[in-house]
Amino acid sequence: MALLEVNNLEVHYGGIAAVKGISFSVEAGEIVCLIGANGAGKTSTLKALARLLPIKGDIRYGGESLDKLPSHALVSRGLALVPEGRGVFARLSVAENLDMGAYHRSDNGIAADLQRMYELLPRLKEREGQLAGTLSGGEQQMLAIGRALMGRPKLLLLDEPSMGLAPLMVQKIFDVIRDVAAQGVTILLVEQNARLALDVCSRGYVMESGRITIADSATALAADPRVRAAYLGE
Amino acid sequence: MKRYPQLRMLATIALLLLLPFAVGTMGNAWVRILDFALLYIMLALGLNIVVGFAGLLDLGYIAFYGVGAYTYALLASPQFGVHWPVWLILPLCAAIAGLFGALLGAPTLRLRGDYLAIVTLGFGEIIRIFLNNLNSPVNITNGPQGIASIDPIAVAGVSLSRTLNVFGFEVHGLYLYYYLFAFVALLIVVVSARLQDSRIGRAWVAIREDEVAAKACGINTRNVKLLAFAMGASFGGVAGGLFAGFQGFVSPESFSLLESIMVLCMVVIGGMGHIGGVIFGGLLLAVMPEIFRYSAVPAQQALFGKVVIDPESLRMLLFGLALIVVMLYRPAGLWPEPRHRRELAGKKS
């Protein structure tokens, strides 16, 4: 059984349908990406999965229906969202931000996880005591990912981690994503940067105006002439 | 000083104990001002939880002060002929005001910033208008006339409104009220400080900084926000109860919008989210206008030979000016939370 199974997900903003009945699944251990242009409904899909938007449809996470779970109960079940635009707590220090990621935990592995995070993201170690609002965009993105990892997620929802970052920093962020995946975390990645996304993913879905139009393995997608024309600029 | 916390605490306690006697040399009126300053400090600390910690702008905060004051007034006055003891009423003031806080919080959970401010402002007015009109068909609040001859606060059978004779020393009631208020204020400071460092305090700060991210961290934002409203309101309720007992009279006009704004100014000018700053702001804004009231007339007479602007107008004029200057040059307040403390705390963990 897949870790995440989405059947006929619909998201509406009032009368406007942003996501019009999509179905997809994510197996444990996979990196899956949703690619598509602006307004395709990618972010709405992720927000719906994190229960930040009202949803319609049958979504099963680890066999359990998401309907009955409020957003704050998801983290303790291992479903974590790294929101679009990073959303770090600007007036808290880097260490405090990471600590907030472990908010729902009461075990005594938190300090060890913090050290692990600093090994994974050495830039954060240097800036440990600094206020998160003073970090660069790339560092904030790393912090947001680190904060989500502090909750020991099984499934990480990443919303546009490359947004507004310089190419070099984007490379670094994707290196981190590869490292995280190598540690066994399942990742659902939403990206506009299709080339990079298809590079790290095993499978991908292409979204267009609220629907999934193509679903295939990442290598097949990268070779698909429609994807090449629309998203890889060839 | 920093290295001797006990010494520091002793010094603070000694200062608190001796302060009314120092102030009292200028007359009992000043002890009374000090008593009111303490009430305002309690209010500012309560509002600081909502505005400073959780970042929810509340413009109707004085309503909870009113709820507390009327709770005391109704349960210890000839209005209904009930005379409950103060140790029973004060927790009830806190509980009822807290309930009203949650009542205000529930419909405003999805609002932020300006919208929240408008709804809370409306809520404050609703409470005041209710107090004003609940004299018919059943007379509960006695309407605009207010409730008079409220029982003074009595601690261990000793009424605080009379002069107490301690080993031949005459201690005026105003001093006794001062000690009671200082004790309660200190209690509120301790609770505030403990809350700030707790899990709940961290959740409040997370919501203040970014609500979506707070949800993504697994914080139940609904409950935590309601708790902020309720906690803040309960402090206001306690202050209100003490006010009713101290004053012996309550009427709706004590709980106007201007008072809400005044308390908000104390929080903002002192330093939002910083307990020390908020206390300072409360003291400053409660005492400065009084100093002004006493000095405006003689100062003008000395300068111009006559009174040019009446002290009340001049007071508001200078108050507005001071606000603008503070917001321009110290936007985080006069005594904001020191940033280095946060950074040091980060290094330790």
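Throughout, protein chains are lettered first and strands after them, A, B, ... in sequence-line order, and every chain is numbered starting at 1.
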Output the option from B:Ala216, B:Ala206, B:Ala214 having the highest count of non-hydrogen pairs under 4.5 Å with chain A. B:Ala206

Salt bridge or not for A:Asp113 and A:Arg116, using N-O below 4.0 Å? yes

Is the ring pair A:Tyr205/A:Phe24 parallel, tilted or perpendicular, if the boundaries are 30 and 60 degrees? tilted

Measure A:Ala90 against the heavy atoms of chain B and call it side chain, backbone, both or neither at under 4.5 Å. both

Given heavy-atom pairs under 4.5 angstrom as the criterion, report whether the side chain, backbone, both or neither of A:Ser71 touches chain B. both

I'd like to know whether the aromatic ring centres of B:Phe64 and B:Phe123 sit less than 6.0 Å apart in this structure. yes

Could you tell me whether a side-chain N or O of B:Trp204 sits under 3.5 Å from a main-chain N or O of B:Val224, the two making a donor and an acceptor? yes

Under 4.5 Å heavy-atom distance to chain B, tell me which part of A:Arg147 shows up: side chain, backbone, both or neither. side chain

Below 4.5 Å from any heavy atom of chain B, which atoms of A:Asp99 appear? Answer side chain, backbone, both or neither. both

Under a 4.0 Å N-O cut-off, is there an ion pair linking A:Glu27 with A:Arg203? no

Whatever's closer than 4.5 Å to a heavy atom in chain B on A:Leu52 counts as side chain

Counting heavy-atom pairs under 4.5 angstrom with chain A, the leader among B:Thr221, B:Ile219, B:Val212 is B:Ile219

Based on non-hydrogen pairs under 4.5 Å, which of B:Arg202, B:Lys215, B:Arg199 is most in contact with chain A? B:Arg199

Does any N or O in the side chain of A:Arg178 come within less than 3.5 Å of the main-chain N or O of A:Val200, such that one atom is a donor and the other an acceptor? no

